[in-house]
Amino acid sequence: MNVYEEAERALRTAPAPGLLDAIRGVLARHCRAGAVDLLMADYSLTVLLSVSALAAATEHLSIDNSPQGRVFGAQEPAHEQRGADTVVHLPVTVRGDRLGVLSVTLPTDACSPAVRTELVDIAEMLAHAVTVAERDTDLYLRARRKDRLTLAAEMQWQLLPGHACRREEYAIGAQLEPAYAVHGDNFDWSATADRLTLTVTDGMGEGIDAALLSNLTINALRNARRAGIPLADQAALADQAVHARHRGDAYLSVLLLDFELATGRVQVIDAGSPRLLLLREGTVSPIDFDAQLPLGMFEETDYRAQEFRVRPGDRLVFVSDGVHAVASPAGEAYGDRALARAISATRLLPPAEMPRAVLRELTGHRGRPIPDDDALIVCLDWYGRPTAPDGPPPDDAERTRAHVSPIRAAPQAPR
């Protein structure tokens, strides 16, 4: 049995908290590995924390300023020399969602290119195993937190599908701040073989009340989506669920999108305040839809889907009010121009990295590290299918009153 086959079998049979021990044993036998450690990215995507040292006061490794962090950001394996040993750092990622880094210490004479290739496959296998194991243990979730989560934040993070997702047709990255005290903003996505549904919510209120409202709304939308009903009816049923519970005293702003993967056609329901901006051929433009009522504001609201079309190479950026409306110490709102500048400046970053970069700039504008309101950024890069029709951009009728006009961004030095 080779190392890959034995690792696969070991992970399949190991108890949920014992995945790292299982990998350690396999690599020690086959590769003479010494130290083997799994580092998990924290909720704010700023540090890596060791699964092996939860009870110890170990130093957090910066994602921005450590060899392991650079591997996490670049999603490329790397190695460093430490005396007679070589330490190999490998991204632990599942379907584009970056979980952390696997660090393996080997004698240098045992660290051949073929072995390093095998380690890349084992790290990916470990990512899948960790994702499944999180159903049965808190070990890996505990390793993601450098601080204690508020109860509201705990509820919100349990709702999320992940930080990122990648397929042939698209890549998504998203981030919420303050990560350890988020209230009501949220995002959700789900794909079939032919469609992608993306939901961006801008929550109302604070604390547990906001988290409960988001939980009700997201699960109502999921319930309707999984019943296979059309997009407008999904919004209507979620609207009814929220209104039945709160009678109009609480409601939620939602941007609901359904992408046809083969063509790039998108159906949209804009029920409130999340904003959508398009980066196409170097120009940032807001996409404005006919405003419709937030979910739960009134009883039995009818919703109507609008349509536009994305092209290969497009980048869509969704932001909540906590990004667009955040004020500087002088009272100046961040606004369209600064947001367009940030989107242009981060155009070369992958979607998984882009939200964090923009949120760092937002912190500078705000002038303090902790925001007063939730800040949510979702970034979607559209690649399309190779067989998708490559026709002209949609005309005004095809847009169904989705209005696009360019924003003139203030100049900024390249990042």
Side-chain angles (χ1 to χ4, degrees), residues 1-14 16 18-42 45 47-52 61-64 66-82 84-134 139-140 143-144 162-168 171-173 349-353 381 383:
M1 188 179 297
N2 63 34
V3 62
Y4 182 88
E5 292 170 339
E6 186 172 343
E8 183 181 35
R9 181 174 180 179
L11 289 173
R12 206 169 52 240
T13 58
L19 300 180
L20 185 57
D21 289 336
I23 287 296
R24 279 197 188 107
V26 171
L27 296 181
R29 286 191 294 274
H30 282 265
C31 308
R32 294 186 285 147
V36 179
D37 199 11
L38 173 60
L39 306 165
M40 301 292 288
D42 85 307
L45 298 180
V47 298
L48 296 167
L49 303 106
S50 172
V51 169
S52 305
L61 293 175
S62 168
I63 284 179
D64 295 318
S66 68
Q68 296 91 331
R70 287 188 285 274
V71 167
F72 179 83
Q75 288 294 287
E76 293 290 341
H79 60 276
E80 55 180 323
Q81 201 68 31
R82 292 184 187 171
D85 293 330
T86 297
V87 183
V88 184
H89 305 300
L90 308 126
V92 178
T93 301
V94 54
R95 294 189 178 92
D97 192 17
R98 305 172 303 164
L99 306 183
V101 173
L102 180 67
S103 292
V104 182
T105 302
L106 304 170
T108 296
D109 64 357
C111 190
S112 66
V115 168
R116 292 200 294 270
T117 299
E118 289 177 329
L119 291 177
V120 170
D121 293 335
I122 289 172
E124 183 179 358
M125 190 193 312
L126 177 61
H128 285 266
V130 166
T131 302
V132 174
E134 285 182 346
L139 176 67
Y140 309 104
R144 293 180 59 189
H163 275 107
C165 178
R166 186 179 182 92
R167 270 182 56 164
E168 177 187 37
I172 307 174
L349 292 178
E353 278 288 303
D381 279 1
Y383 311 127

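- Looking at heavy atoms from C-beta onward, Q75 lies out of side-chain contact with E353 at the 4.5 angstrom threshold.
- With respect to L39, the side-chain contact (heavy atoms from CB on, under 4.5 Å) criterion is satisfied by exactly one of V51, L48, L49, I63: L48.
- When all heavy atoms of A14 and L19 are compared, the pair lying nearest together is CB-CD2, 4.2 Å.
- Defined by atom type and a distance below 3.5 Å, a donor-acceptor pair is present between the side-chain atoms of D37 and S50.
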(request) Apply side chain to side chain contact (heavy atoms under 4.5 Å, CB included) to the pair E6 and R29, showing each step before the final yes or no. (result) CA-CA 10 Å; E6 186 172 343; R29 286 191 294 274; 2.5 Å; yes
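- Here R32 contributes atom CZ and D85 contributes atom CG; the two are 10.0 Å apart, rounded to the nearest 0.5 Å.
- D97 places no side-chain N or O within donor-acceptor distance of the main-chain N or O of C165, the cut-off being under 3.5 Å.
- Distance check, rounded to the nearest 0.5 Å: CG of L102 to CD of E124 gives 12.5 Å.
- Across all non-hydrogen atoms, the minimal contact from S52 to L20 is OG-CD2, 3.2 Å.
- Taking every heavy atom of both residues into account, S103 and Q68 meet most closely at OG-CG, 3.8 Å.
- Going from atom CG of L11 over to atom CE of M125 covers 6.5 Å, rounded to the nearest 0.5 Å.
- Scanning both residues, Y140 and A133, for their nearest heavy atoms gives CE1-CB, 3.9 Å.
- Between I172 atom CD1 and R95 atom CZ the span is 13.5 Å, to the nearest 0.5 Å.
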(message) Determine whether L99 and T131 satisfy the following criterion, side chain to side chain contact (heavy atoms under 4.5 Å, CB included), listing intermediate values before the conclusion.
(response) CA-CA 9 Å; L99 306 183; T131 302; 3.8 Å; yes
(message) Could you walk me through whether V130 and V92 satisfy the side chain to side chain contact (heavy atoms under 4.5 Å, CB included) test, starting with their C-alpha distance in whole Å, then the side-chain angles of each, then the deciding distance to 0.1 Å, before giving a yes or no?
(response) CA-CA 9 Å; V130 166; V92 178; 5.5 Å; no
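- Taking both residues in full, the closest heavy atoms of V71 and A78 are given as CG2-CB, 3.7 Å, listed atom of the first, atom of the second, then distance.
- Scored by the side chain to side chain donor-acceptor pair (under 3.5 Å) test, R70 finds no partners at all (sequence neighbours excluded).
- The main-chain N or O of A352 is found under 3.5 Å from a side-chain atom of R98 such that the two form a donor-acceptor pair.
- The side chain to side chain contact (heavy atoms under 4.5 Å, CB included) check on R116 picks up H79, V88, C111, P113, with sequence neighbours excluded.
- Distance check, rounded to the nearest 0.5 Å: CD1 of I122 to CG of L27 gives 5.0 Å.
- Distance check: L61 CG to H89 NE2 gives 9.0 Å after rounding to the nearest 0.5 Å.
- Of the possible polar contacts, one joining the T108 side chain to the A84 backbone as a donor-acceptor pair under 3.5 Å is found.
- More than 12 heavy-atom neighbours from other residues, nucleotides or ligands sit within 6.0 angstrom of CD on E8.
- The two residues A164 and G96 make their nearest non-hydrogen contact at CB-O, 3.2 Å.
- More than 12 heavy-atom neighbours from other residues, nucleotides or ligands sit within 6.0 angstrom of CZ on R167.
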